[in-house]
Student: 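Right, I'll just put the structure down here and ask away after.
So you know, we letter chains A, B, ... as the sequences are listed, proteins then strands, and number each from 1.
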Amino acid sequence: MRYSRFFLPTLREVPADAEVISHRLMLRAGMIRRVAAGIYEVLPMGLRVIRKVENIIREEMDRAGALELFMPSILPAELWQETGRWDFYGKELLRVRDRHSRDFCYGPTHEEVFTDLVRREIRSYRQLPLNLYQIQTKFRDEIRPRFGLMRGREFTMKDAYSFDRDLAGAERSYQAMHEAYTAIFARCGLRFRAVEADTGKIGGSLSHEFMVLADTGEDRVVSCAACDYAANLEMAAVAPSEARQGSGPPPDSGLDPEDVQTPGKKTVQEVCQFLGITPQELVKTIVLKGEKGPVAVLVRGDHEVNSVKVRRLVDDETLELADAETVAAVTGAPVGFAGPVGLKVPLYADNALAEMAGFVTGGNADDVHTRGVDLADFRVEAFADLREAVEGDPCPKCGGILTFLRGIEVGHIFYLGTKYSEAMGARFLDESGAERIIEMGCYGIGVGRTAAAAIEQNHDGKGIVWPLPLAPFQVVLLSLDPGKTEVHAVAERLYEELTAGGLEVLFDDREERPGVKFNDADLVGIPLRVTVGGRGVKEGVAEFKERATGEESRVPLDRVPDAVREFVRRQS
RNA sequence: CGGGAUGUGGCGCAGCCUGGUAGCGCGCAUGGUUCGGGACCAUGAGGCCGUGGGUUCAAAUCCCACCAUCCCGACCA
């Protein structure tokens, strides 16, 4: 591709509304432009990268036995009403009406349509297992779109759905996707981890997220230094300590609870400072509220409640931090003074509480805390693992030490069970002629997000540093003297040779100063730069520079095509 | 939906407080000189000052409303 004929509008200055690195660089490198909040145009340079990601996904999905098809993006309301998600999915679902004022939505995910297709076409166990996928545009009317392609409202996603005759088959399908995903992200040249994950709104019981590791990632990932355990922080189990595992009477301080005035001291830090205690001697009481009513959760002062764990324990997906009015109604005090003694709502305590005695809690009255509290002073429904893991906690699998990483969720796989097949009547006949419900799984990859994550993970002060498999071009060939015929002729010839050899080359034949070309080449991040200029040509060489390492070398002109091919082979 | 902020040529910004001819840098066009890490000189094109209302002789500037965008918070590929 000749740069002079290409559409690659690079930006010297950063548009003010781009915050994260990948967003800024995608704009500056002429990959995308914004049309509306969370909605982007993908320019040729961007598309080339997107296609690279898509093709890797396709190859690995096909290899795993999945079949590509293409579903509509506009979906009739009836399908969504069948599973109840027309109401449940909420405002994120972009709803539209046609001229007959029939309800439709722009698909944010496609379980219903795939299940509908399968229930109409699949009759027999002989037709299973089946894994169908598509790469398609989705729309989720996010509350707050941001970060460019990282979290847009419109985005392209690969979504796959597996259909199996039984649990064992579904697990095999799940495993096959786990392996395919691992292959996909490895082939993209990314550093990533597969982590245990919450199933969230999609539902189901088994789930892994694929996280591209980057300091700028929004998700926190817990990883064991000693074994292969890795989990999303919201899932990371905290093993009860040994003391807890031994039975015996709960510890007792022998003290009686005693109220103390703590005027205006609401936070753990303030209370500790005021009373001269450490957070480990204090118990936080957190009020949560869901469709089943409010509950209170007790955690040690230096720990944080993990609401995903509480939701699972209480079996209430809608549970959220209660608002100030609810807290006041439940505790009789403003936020900051809740305590377990005398509370009328169900109390759940984190395992760490089981070893505590004589601790400080809120006093359920304005400006009052209570000290000398023991477990015997109130009634707990259950002790459980309810807190967030912290760095240094023991690994729940091997006892090793947990470390924290930051990641960007680029893929998510779920075992769905029969949630959708049952609601929509997707059944088949087994060998014995008995009617059975299809077991399902679903598997997503954010295509644009994968490209963005690759940038978050691979960039420097000058721009993008593409891993070769995702790079829009493999080589950028700079002609430093496009006007001077002898030198430029050499560049032209090299361009022909490289292109003829099947390489993807961007040929910078523009009438620009060298500095402009160098900087643009660095910005757009093409892995190998080949410079043809007066100096080198005089000596019969072209200059190679690797974007990632900065390593430079001089290559005789007649060896250039081979050397480039060698580079490409080495990198892929 | 809360909290914070911003809307001025394509991009980045100043001007607004203290109303009175719309400016700077980059980019773009033309000509010339340059030419190995974002050149220089000259000339030029390009702006409903987010939208609507109001105050005023006069509004980018003051007031009100709306819209849009961005940032911080509640489980998303």
Student: Suppose you measure atom P in B:C1 against the same atom in B:A59; what distance do you get, rounded to whole Å?
Tutor: 34 Å
Student: Would you indicate what A:Gly533 reaches in the nucleic acid, counting non-hydrogen atoms under 4.0 angstrom: base, sugar-phosphate, or nothing?
Tutor: base
Student: Kindly compute the distance separating OG (A:Ser307) from CD (A:Glu234), expressed to the nearest 0.5 Å.
Tutor: 8.0 Å
Student: Under 4.0 Å between a side-chain nitrogen and a carboxylate oxygen: does that hold for A:Arg535 and A:Glu543?
Tutor: no
Student: Considering heavy-atom distances to RNA chain B, does A:Gly38 or A:Gly448 have its closest nucleotide positioned more toward the 5' end?
Tutor: A:Gly38
Student: Base, sugar-phosphate or nothing for A:Leu319? Non-hydrogen atoms, less than 4.0 Å.
Tutor: base
Student: Go through B:C71, B:U69, B:A77 for me and flag the one nearest to the A:His412 side chain.
Tutor: B:A77
Student: With heavy atoms under 4.0 Å as the rule, sort A:Gly90 into base, sugar-phosphate or nothing.
Tutor: nothing
Student: More 5' along RNA chain B: A:Gly411 or A:Phe147, using each one's nearest nucleotide?
Tutor: A:Phe147
Student: Paired with B:U18: which nucleotide, if any, by Watson-Crick or G-U wobble criteria at under 3.5 Å for both distances?
Tutor: none
Student: Please state how far atom CD in A:Glu19 lies from atom P in B:U6, giving the value in whole angstrom units.
Tutor: 15 Å
Student: How long is the line joining CG of A:Leu480 and P of B:C35, in whole Å?
Tutor: 14 Å
Student: Tell me the partner of B:U6, counting only Watson-Crick (N1-N3 plus N6-O4 or O6-N4) or G-U wobble (N1-O2 and O6-N3) with both under 3.5 Å; none if nothing fits.
Tutor: B:A68
Student: Assign a letter to each nucleotide of nucleotides 37-43 of chain B from its 5' end: B, base within under 4.0 Å of a protein heavy atom; S, sugar-phosphate only; -, no contact.
Tutor: BBB----
Student: Taking only N and O in the side chain of A:Arg146, is any of them less than 4.0 Å away from OP1 or OP2 of B:C72?
Tutor: yes
Student: Got more than 12 heavy atoms from elsewhere within 6.0 Å of NZ, A:Lys138?
Tutor: yes
Student: Partner of B:G37 by Watson-Crick or G-U wobble geometry, both contacts under 3.5 Å, or none?
Tutor: none
Student: Is it true that A:Asp460 and A:Arg547 make a salt bridge, defined as a side-chain N closer than 4.0 Å to a carboxylate O?
Tutor: yes
Student: Considering only the C1' atoms, how many Å lie between B:G54 and B:G38, rounded to the nearest integer?
Tutor: 48 Å
Student: Students often get this wrong, so: under 4.0 angstrom with heavy atoms, is A:Gly536 touching a base, only sugar-phosphate, or nothing?
Tutor: base
Student: Do the charged groups of A:Glu388 and A:Lys309 touch, with an N to O distance under 4.0 Å?
Tutor: no
Student: Apply side chain to side chain contact (heavy atoms under 4.5 Å, CB included) to A:Val118 and list each qualifying residue two or more places apart in sequence or on a separate chain.
Tutor: A:Ile122, A:Leu130, A:Leu132, A:Phe163, A:Ile438
Student: For B:U56, what is the paired nucleotide under Watson-Crick or G-U wobble rules, both distances under 3.5 Å?
Tutor: none
Student: What is the distance, rounded to the nearest whole Å, between atom CG of A:Asp141 and atom C1' of B:C1?
Tutor: 13 Å
Student: Let's test this: given Watson-Crick or G-U wobble pairing with both distances under 3.5 Å, identify the partner of B:U61.
Tutor: none
Student: Please give the distance between the C1' atoms of B:C41 and B:A14 as a whole number of Å.
Tutor: 26 Å
Student: In terms of side-chain geometry, is the basic nitrogen of A:Lys419 or A:Glu111 positioned less than 4.0 Å from the acidic oxygen of its partner?
Tutor: no
Student: Of the nucleotides B:U69, B:G12, B:A77, which has the atom closest to the A:Arg34 side chain?
Tutor: B:U69
Student: Would you mind classifying the nucleic acid contact of A:Glu218 as base, sugar-phosphate or nothing, using non-hydrogen atoms under 4.0 angstrom?
Tutor: nothing
Student: Under 3.5 Å for both donor-acceptor distances, Watson-Crick or wobble: does B:C24 have a partner, and if so which one?
Tutor: B:G12
Student: Mind calculating the distance between CG (A:Leu25) and P (B:C11) to the nearest angstrom?
Tutor: 19 Å
Student: What's the gap between B:C62 and B:A68 when it is taken at their C1' atoms, as a whole Å value?
Tutor: 23 Å
Student: Find the distance between OH (A:Tyr174) and OG (A:Ser207) and round it off to the nearest 0.5 Å.
Tutor: 5.0 Å
Student: Taking A:Glu68 first and then A:Lys158, would you say they form a salt bridge - that is, a charged N and a carboxylate O separated by under 4.0 Å?
Tutor: no
Student: Measuring only the C1' atom in each nucleotide, how far is B:U8 from B:G50? A whole number of Å is fine.
Tutor: 10 Å
Student: Just call it for A:Gly483: base, sugar-phosphate, or nothing, with non-hydrogen atoms closer than 4.0 Å on any strand.
Tutor: nothing
Student: How close or far is atom P of B:G27 from atom CD of A:Glu512, stated in whole angstroms?
Tutor: 9 Å
Student: Would you say A:Gln175 has more than 12 foreign heavy atoms packed within less than 6.0 Å of its CD?
Tutor: yes
Student: In whole Å, I'd like the distance from the CE atom of A:Met150 to the P atom of B:A77.
Tutor: 15 Å
Student: Sticking with atom P, work out how far B:C49 lies from B:U30, rounded to a whole angstrom.
Tutor: 30 Å
Student: Among B:U69, B:G12, B:A77, find the nucleotide with the atom closest to the side chain of A:Ala16.
Tutor: B:G12
Student: Once you apply a heavy-atom cut-off of 4.0 Å, does A:Glu234 come out as touching a base, just sugar-phosphate, or nothing?
Tutor: base
Student: B:G53 and B:U6: how far apart are their P atoms, nearest whole angstrom?
Tutor: 25 Å
Student: Is the shortest distance from a Lys or Arg side-chain nitrogen in A:Arg406 or A:Asp215 to a carboxylate oxygen in the other one below 4.0 Å?
Tutor: no
Student: Please tell me which of the listed nucleotides, B:C70, B:G73, B:A77, lies nearest to the side chain of A:Arg144?
Tutor: B:G73
Student: Counting only Watson-Crick pairs (N1-N3 plus N6-O4 or O6-N4) and G-U wobbles (N1-O2, O6-N3), all under 3.5 Å, who is the partner of B:A74?
Tutor: none
Student: How far does the P atom of B:C11 sit from the matching atom of B:U56, given to the nearest Å?
Tutor: 36 Å
Student: Please determine, for B:U30, whether a Watson-Crick or G-U wobble partner exists with both distances under 3.5 Å, and give it or none.
Tutor: B:A42
Student: Using a cut-off of 4.0 Å on non-hydrogen atoms, how would the nucleic acid contact of A:Val447 be classed: base, sugar-phosphate, or nothing?
Tutor: nothing
Student: I'd like to know if A:Glu13 reaches the base of B:G25 with its side chain such that a donor and an acceptor end up less than 3.5 angstrom apart.
Tutor: yes
Student: Which nucleotide wins on minimum distance to the side chain of A:Pro15, given the candidates B:C11, B:C70, B:A77?
Tutor: B:C11
Student: Rounded to whole angstroms, how far apart are CE on A:Met177 and P on B:A77?
Tutor: 17 Å
Student: Please give, in whole Å, the distance from B:G12 C1' to A:Asp17 CG?
Tutor: 12 Å
Student: Categorize A:Asp219 for me: base, sugar-phosphate, or nothing, with a 4.0 angstrom heavy-atom threshold over every strand shown.
Tutor: base
